[in-house]
There are 2 protein chains.
Amino acid sequence: MGTYPVGSYLPSENEICEQFDTTRTTVRRALDELLKNGFIEKEHGRGSRVVERRKSLGLLTVKGFSEALDHNKRTVILQEPTSQPWDDRIPFRLSETEKEGNAIYFQRLRYVNGKPIMLEHNWYSDLKLQQLKASEFIEGSFFKTLSQNFLIEMKGSEQELRAESANAEVARFLNIERGAPVLHISIRFTTSKPGFYLYSEVYCNTSRYPVSNSYFL
Amino acid sequence: MGTYPVGSYLPSENEICEQFDTTRTTVRRALDELLKNGFIEKEHGRGSRVVERRKSLGLLTVKGFSEALDHNKRTVILQEPTSQPWDDRIPFRLSETEKEGNAIYFQRLRYVNGKPIMLEHNWYSDLKLQQLKASEFIEGSFFKTLSQNFLIEMKGSEQELRAESANAEVARFLNIERGAPVLHISIRFTTSKPGFYLYSEVYCNTSRYPVSNSYFL
DNA sequence: AAGTGGTCTAGACCACGCG
DNA sequence: GCGTGGTCTAGACCACTTT
């Protein structure tokens, strides 16, 4: 085991099989993961080559902000998780069971290289998971906390994207002029816990850092 | 074989195996495709349920505009494919072989329900594929043409998204005010033909129709 | 011809939902 | 307990690239 420089080829799938005493199917699943996250490119008949990792925020992948690379990041909690009624802004249909309870809401502001870049509103059902404290977030990451403390993993997401003019609140937090264009992303995360979803409304200043996405297969 | 209404469950994977005389692996690959395209949801221990197809443009998937559902769509060619130097606007690194030749460029304006929604600039290397005529596009689709006439399939895409203010050109074509927020998407499509990429710069009016995306696994 | 990734068959075991 | 989807082993054949 080791580290492979950008541009070099990984061992062939069959060699990796021997090295880790496993099968092609499993090795290929692992390589597909690397492919999807932009670490390698596969070349039919030639091999799998390490490519330079994409820059920019990588927001659109399910991995979440904390795992985006290559930038100095900081997150400020603007609103501790609190129980309150569901918000009209959520553009996804809530399930009946979700609607029976309240929402746990929290708000964060995320900085990249010292500049406020993303304003984030988050909700989840208080019937499915207790109220957490932001100070308990593992390494500041909500996803890591769900994974390690509750064995809840992200399975996927649906997103709607809009270019909008910043309203007063967004402009204030992102330190931009009112009316400046911001990228508004509505996300519904599905999780490994049945019926448990996370909803996020994100407002993003993309003038310095574009949001990136990759799609494979 | 038949059609399954929204909300109903598909036969189990084992039943599908018998029905089509194939194996779990293959059936699961097919179901994962349906999952990724938002037709079904899988529920561990219960089954796979047909869900209502997502609305909105579905632009961010690799499938392309023509396969987005549920809207009346029309495409107008603003600029026939022509050979010209590569454009500075493309934010992706071009390969050395691409830079040796010119680009084939074409421009399209796409309407949804009678309103202009997307302004699209497209480039590909003239060294890798001949110049096509827009009138030869199969069902108006560039991707279908590549697939059926040249056996070139889309394998994936990288995208960068920005919220911007419409400049004069974009405002004119999208019939919006200058300075209004538009979603700017830069796309690099990878294809099954080695070294052959498609580059698109898309400007999208998202005030009526948000752009949607799904991400699974 | 040999080696690579792409796809497939065949079958095992596990985790989850439900009766 | 049983059927479901999730993951894995083991191995075959094909398409593509390189020597």
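Quick caveat, the model's predicted, so the values are computed rather than measured. Within every chain, numbering begins at 1; the chains are lettered A, B, ... in the order of the sequence lines, protein sequences first and strands thereafter.
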Report which part of the nucleic acid Thr23(A) touches: base, sugar-phosphate, or nothing (heavy-atom distance under 4.0 Å, all strands). base

Less than 4.0 angstrom between a side-chain N/O of Thr25(B) and OP1 or OP2 of dA10(C), yes or no? no

Without decimals, in angstroms, what is the distance between Arg28(B) CZ and dA10(C) C1'? 16 Å

Of Lys42(A) and Gly45(A), whose closest DNA chain C nucleotide lies nearer the 5' terminus? Gly45(A)

In whole angstrom, what separates Tyr9(A)'s OH from dT17(D)'s P? 11 Å

Measure from CD on Glu13(B) to C1' on dG3(D) and round the result to the nearest Å. 12 Å

From the set dT4(C), dT4(D), dG6(D), return the single nucleotide nearest to any side-chain atom of Glu15(B). dT4(D)

Closest approach to the side chain of Thr22(A), judged atom by atom: which nucleotide of dT9(C), dT4(D), dC8(D) is it? dC8(D)

For dG6(D), does the base pair up with any side-chain atom of Arg24(B) as donor and acceptor (N or O, under 3.5 Å, distance only)? yes

Between the side chains of Arg108(B) and Glu120(B), is the shortest nitrogen-to-carboxylate-oxygen separation below 4.0 Å, so that they form an ion pair? yes

Would you kindly give the NE2-to-C1' distance between His44(A) and dT18(D), to the nearest whole Å? 13 Å

Gap between atoms CG and P, on Asp32(B) and dC8(C) respectively (whole Å): 13 Å

Interatomic distance, Ile16(B) CD1 vs dT9(C) P [rounded to whole Å]: 14 Å

Base, sugar-phosphate, or nothing for Ser12(B), non-hydrogen atoms under 4.0 angstrom? sugar-phosphate

Separation of Lys193(B) atom NZ from dT17(D) atom P, in whole Å? 10 Å

Take Ser186(B) and Glu201(B) through the side chain to side chain donor-acceptor pair (under 3.5 Å) test and state the conclusion after the steps. CA-CA 5 Å; Ser186(B) 304; Glu201(B) 295 289 309; 3.0 Å; yes

Rounded distance [0.5 Å steps], CD in Glu13(B) versus OG1 in Thr26(B): 11.5 Å

Return the nearest nucleotide to the side chain of Arg46(B); candidates are dC18(C), dT18(D), dT4(D). dC18(C)

Leu151(A) CG to dC14(C) C1', in whole Å, measures 16 Å

Under a 4.0 Å threshold between the charged nitrogen and the carboxylate oxygen, would Glu153(A) count as salt-bridged to Lys155(A)? no

Distance-only donor-acceptor pairs under 3.5 Å for side chains of residues 78-86 of chain A, two or more places apart:
from     : atom 1 : to        : atom 2 : distance (Å)
Glu80(A) : OE1    : Ala134(A) : N      : 3.1
Trp86(A) : NE1    : Glu98(A)  : O      : 3.0
Trp86(A) : NE1    : Gly101(A) : O      : 3.4

